[in-house]
Enquirer: 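Supplied in structure tokens, the structure appears directly below.
So that the names make sense, note that chain A is the first sequence line, chain B the second, and so on, each numbered from 1.
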There are 2 protein chains.
Amino acid sequence: MADVADLAGVAISTVSRALANPGRVNAKTRAKIAAAAEKLGYTPNAMARNLRIGKSNIIMIVLPGSLHHGASQIIPQVLQSINQALIQNGYNLMIANLDRDETSERHILNLAFGGTVRGAIILSSKLPEVAGRSLAEAGLPIVSLLLDMSDASVPSVVTNDRGAVAEAARMLIARGHERFFYIAGPSDNYHDIERFSGLVDAFHETGLDPASITRSGGVLSYQHGFEAGKHAVEDFTQLAVKPTAVIAESDDMAISFISGVQARGWRIPEDLSVISFDGSPVCEYCHPPLSTIEQPVEVMGKTAVEILMQRMSEGADEVPTRMIIPSRLIMRKSVGPAAKANNSC
Amino acid sequence: MADVADLAGVAISTVSRALANPGRVNAKTRAKIAAAAEKLGYTPNAMARNLRIGKSNIIMIVLPGSLHHGASQIIPQVLQSINQALIQNGYNLMIANLDRDETSERHILNLAFGGTVRGAIILSSKLPEVAGRSLAEAGLPIVSLLLDMSDASVPSVVTNDRGAVAEAARMLIARGHERFFYIAGPSDNYHDIERFSGLVDAFHETGLDPASITRSGGVLSYQHGFEAGKHAVEDFTQLAVKPTAVIAESDDMAISFISGVQARGWRIPEDLSVISFDGSPVCEYCHPPLSTIEQPVEVMGKTAVEILMQRMSEGADEVPTRMIIPSRLIMRKSVGPAAKANNSC
DNA sequence: TACTTATTGGCAATCGTTTGCCAAAACTTT
DNA sequence: AAAGTTTTGGCAAACGATTGCCAATAAGTA
């Protein structure tokens, strides 16, 4: 920096001011300084700057390892949109994996308490905590994405899981479906609870008996969305009275489920209608094209960043604690009218 | 840190030594210090440390925006494995997007020259450079993943694209296929060149005439793998003499292609055999299950990190410049013997 | 006990910025 | 030309750690 000052013929403090606080220095000198910096190939040292400022410009995204792994088709989109939004605001994105082991929790806490990161976007249902320290007390702004954690007073950006599933279920009920098969991810999970509730809601609204909903899954982790679907095929096969409609908690589950039941002779949508959640692009090319509830992940990512920025700048209090971005039901060929006689194969 | 020293009843320099250089301090005092730190909830400030040390502990992964977007199913796996390997070595992963605009290139260079990152793993075919500065001159260790850049003297971890496609092609040729349809991603791209060459190799080996290979695509960006497949359907339909075998550069392309041709009456594998590249999990559940060339992305990620670590520690010269991790051909129902009479539909 | 070795204490410089302070210089405006 | 305003210079103290140096103390060995 001293070199730049020399070359530009100005004082070192002026250079600093020009770079960090451009308003307080004349446009002409600023140009001179920029030229000198360019010529010397000078880039201010970010760590020194952040140390002095007392804040980092890195945001971390906390991903449950299982989500990351193989399964969920939406992670890349989430990362992409968040990263773009962050960069526009002058921030960088760091990845933090939250596995089931204590090491990873500790690691995340170190990032937070050690000042490496300035804020966090989490996709996990619980805040990492170990040895009495919790992410909540790190003094960082946090935003939860996909999962509603507004109860724990962390602002959340979610979709209308419950309502969207209810809508899908009503659509199926309107076509004559009365017996449903629900393929769940890990139970107790926010998504499981909300989405399943949506299905039950629709039953209540339409006067059907929720007892004719069969649940499958709930034990396996997200890590194996496809596995969960496969497993559901077994469950389905063993039912004495077959449901005519299926709602799956993720596209992956639906895809492997469909593959399995088709192999055993059921036809979709003639024997069985299927709708799933996520809106992965691949659904359009499934056999038959798969109806899915599309989460607007890009909008959600951008919104999460916006909220984070608000939290970081002004008084933290007047920001909304929950932001609901509605999903969109995309109807495709995997849905048809309920089969009249539902015989086993 | 001073507080910790007080509580532990030791000098501040001893605390620093205990944390940064544990070998030079007695186990008992180390335990005392650890206890004090735990009690006070103290975490050393990473930025201060890195500033003093002169090196960051952050590695960035440079992803072409297009790769990231929607399409490639393997990105999450790559990120996951790289991040895990990095953390084990005490590093963190930062995401850097390389779009077509100059802003993103400049941003990446700032990360490098500003000392934010210590090294880079790139999935892009070209090193970012703008205004005379190039990533190559930033003095960072760089490793290229998926794309071979060993010509540009950046160590690369790749798979045997060419050989793997050749193997797949031989397998098809052995089943009587003689006319091939190749669905390409963006042309000039490393993957396009290598994989297509593999196909041509197989033709030469077996004495067939490469003229009976029809290429499709090559214009669209990766961003639309599914689109490329759709587009290929058009091309395919217009061929007077239909090929009997298809090789696609990515699973996405194959999936949408299959969906399209099936809708127009062709049957797979009876009329057309298909093999694609990537090994996405979803292939297993396609209709029919899709044969694919599985890239060992996890191993590749770990290997890339290992090489990076070597580059960062010792003399940089004796590390291998290219590491080839072989892919595995997974044969599924999408492949069958060549149709005898190949009539149009 | 005397001597060697291992471990700690205290001090101060350093990493590369930012920033408050005040004086000096350079412009603008009456 | 005088007064007022904006812009710069120079200085020095931070930010929170690490580390070389040497003296001082503790532990281990003969």
Side-chain angles (χ1 to χ4, degrees), chain A residues 1-37 40-58 90 92 110-118 138-140, chain B residues 1-37 40-58 90 92 110-118 138-140:
Chain A
M1 190 155 132
D3 297 347
V4 176
D6 278 357
L7 181 57
V10 298
I12 183 169
S13 51
T14 308
V15 174
S16 176
R17 274 188 279 258
L19 267 36
N21 201 354
R24 297 230 64 74
V25 51
N26 193 335
K28 280 194 310 234
T29 38
R30 227 185 312 155
K32 246 186 346 193
I33 291 173
L40 264 53
Y42 166 79
T43 308
N45 183 300
M47 289 183 318
R49 167 163 224 278
N50 290 339
L51 172 60
R52 175 58 227 253
I53 299 292
K55 19 186 106 151
S56 142
N57 66 342
I58 301 176
N92 291 111
N110 283 344
L111 290 175
F113 285 92
T116 302
V117 305
R118 172 85 182 280
L140 308 174
Chain B
M1 188 152 135
D3 298 345
V4 176
D6 278 357
L7 181 58
V10 297
I12 183 169
S13 51
T14 307
V15 174
S16 175
R17 274 188 280 258
L19 267 39
N21 202 354
R24 296 230 65 75
V25 52
N26 194 335
K28 280 195 308 234
T29 37
R30 226 185 312 154
K32 245 183 352 194
I33 291 173
L40 265 54
Y42 165 79
T43 308
N45 183 299
M47 287 183 319
R49 169 165 222 278
N50 290 339
L51 173 59
R52 175 59 227 252
I53 300 292
K55 24 185 100 150
S56 144
N57 66 342
I58 300 175
N92 291 112
N110 283 344
L111 290 175
F113 284 92
T116 301
V117 305
R118 172 85 182 283
L140 307 176

Enquirer: Going by the rule side-chain hydrogen bond (donor to acceptor under 3.5 Å, both in side chains), which residues pair with A:Arg118 if we only count those two or more places apart in sequence or in a different chain?
Expert: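 So A:Arg118 forms a side-chain hydrogen bond (donor to acceptor under 3.5 Å, both in side chains) with A:Tyr91.
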Enquirer: Heavy atoms within less than 4.0 Å of DNA chain D: which residues of residues 2-12 of chain A have one? Give them sorted by number.
Expert: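 Those residues are A:Gly9, A:Val10, A:Ala11.
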Enquirer: Can you tell me how far P of C:dG9 sits from CE of B:Met1, to the nearest Å?
Expert: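 Nearest whole value for this atom pair: 12 Å.
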Enquirer: For residues A:Lys32 and A:Ala8, report the shortest heavy-atom separation together with the two atoms involved.
Expert: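 Shortest heavy-atom separation between A:Lys32 and A:Ala8 comes out as CE-O, 3.7 Å.
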Enquirer: Holding to side-chain contact (heavy atoms from CB on, under 4.5 Å), I want the full list of residues that pass it with A:Leu140, two or more places apart in sequence or in another chain.
Expert: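 In terms of side-chain contact (heavy atoms from CB on, under 4.5 Å), with neighbours along the sequence ignored, A:Leu140 is linked to A:Ala112, A:Val117, A:Leu135, A:Ala138.
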Enquirer: Mind checking which nucleotides bracket the chain B contacts on DNA chain D, 5' to 3', with an atom under 4.0 Å from a heavy atom?
Expert: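 The contact span of chain B on DNA chain D goes from D:dG16 to D:dC21.
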Enquirer: Can you give me the closest heavy-atom contact between B:Ser56 and B:Gly115, atom names plus distance?
Expert: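 Result for this residue pair: CB-O, 3.5 Å.
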Enquirer: Who are the side-chain contact (heavy atoms from CB on, under 4.5 Å) partners of B:Asn26, not counting sequence neighbours?
Expert: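 Checked B:Asn26 against side-chain contact (heavy atoms from CB on, under 4.5 Å); matches are B:Lys28, B:Thr29.
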Enquirer: Kindly state which residues belonging to residues 25-35 of chain B come within less than 4.0 angstrom of DNA chain C, counting heavy atoms of the residue only, listed by number.
Expert: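 Residues of residues 25-35 of chain B that come under 4.0 Å of DNA chain C are, in numerical order, B:Val25, B:Asn26, B:Thr29.
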Enquirer: Can you work out whether B:Arg17 or B:Asn45 has the more 5'-proximal nearest nucleotide on DNA chain D?
Expert: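 Whichever sits nearer the 5' end wins; that is B:Asn45.
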Enquirer: If you define the side chain from C-beta out and look only at heavy atoms, does anything of B:Leu19 sit under 4.5 Å from B:Tyr42?
Expert: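 Yes - at least one pair of side-chain heavy atoms lies under 4.5 Å apart.
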Enquirer: Any side-chain heavy atom of B:Asn57 sitting closer than 4.5 Å to one from A:Thr116?
Expert: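 No, too far: nothing below the 4.5 Å cut-off.
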Enquirer: Sequence neighbours left out, what passes side-chain contact (heavy atoms from CB on, under 4.5 Å) with B:Asn110? Give chain and number order.
Expert: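 Per chain and number, B:Asn110 pairs via side-chain contact (heavy atoms from CB on, under 4.5 Å) with A:Thr43, B:Arg106, B:Arg133.
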Enquirer: Quick check for you: to the nearest 0.5 Å, what is the distance between A:Asn45 atom CG and B:Leu51 atom CG?
Expert: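 One gets 6.0 Å once the value is rounded to the nearest 0.5 Å.
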Enquirer: Return the set of residues passing side-chain contact (heavy atoms from CB on, under 4.5 Å) with B:Arg52 (not counting sequence neighbours), or none when no residue passes.
Expert: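 Applying side-chain contact (heavy atoms from CB on, under 4.5 Å) to B:Arg52 gives none.
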Enquirer: Under 4.0 Å, heavy atom to any atom of DNA chain D: which of residues 47-56 of chain B qualify?
Expert: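 Heavy-atom contacts with DNA chain D come from B:Ala48, B:Arg49, B:Arg52, B:Ile53.
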Enquirer: Write down the atom of A:Ile33, the atom of A:Val15, and the distance for their closest heavy-atom approach.
Expert: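 Looking at all heavy atoms of both residues, the closest pair is CD1-CA, 3.8 Å.
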Enquirer: Can you pull the side-chain hydrogen bond (donor to acceptor under 3.5 Å, both in side chains) pairs that have at least one residue in residues 7-20 of chain A, sequence neighbours excluded?
Expert: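 Sorted pair list: A:Ser13-A:Arg17.
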Enquirer: Hey, could you give me the CE/CZ distance between B:Met47 and A:Arg49, rounded to the nearest 0.5 Å?
Expert: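 That separation rounds to 11.0 Å.
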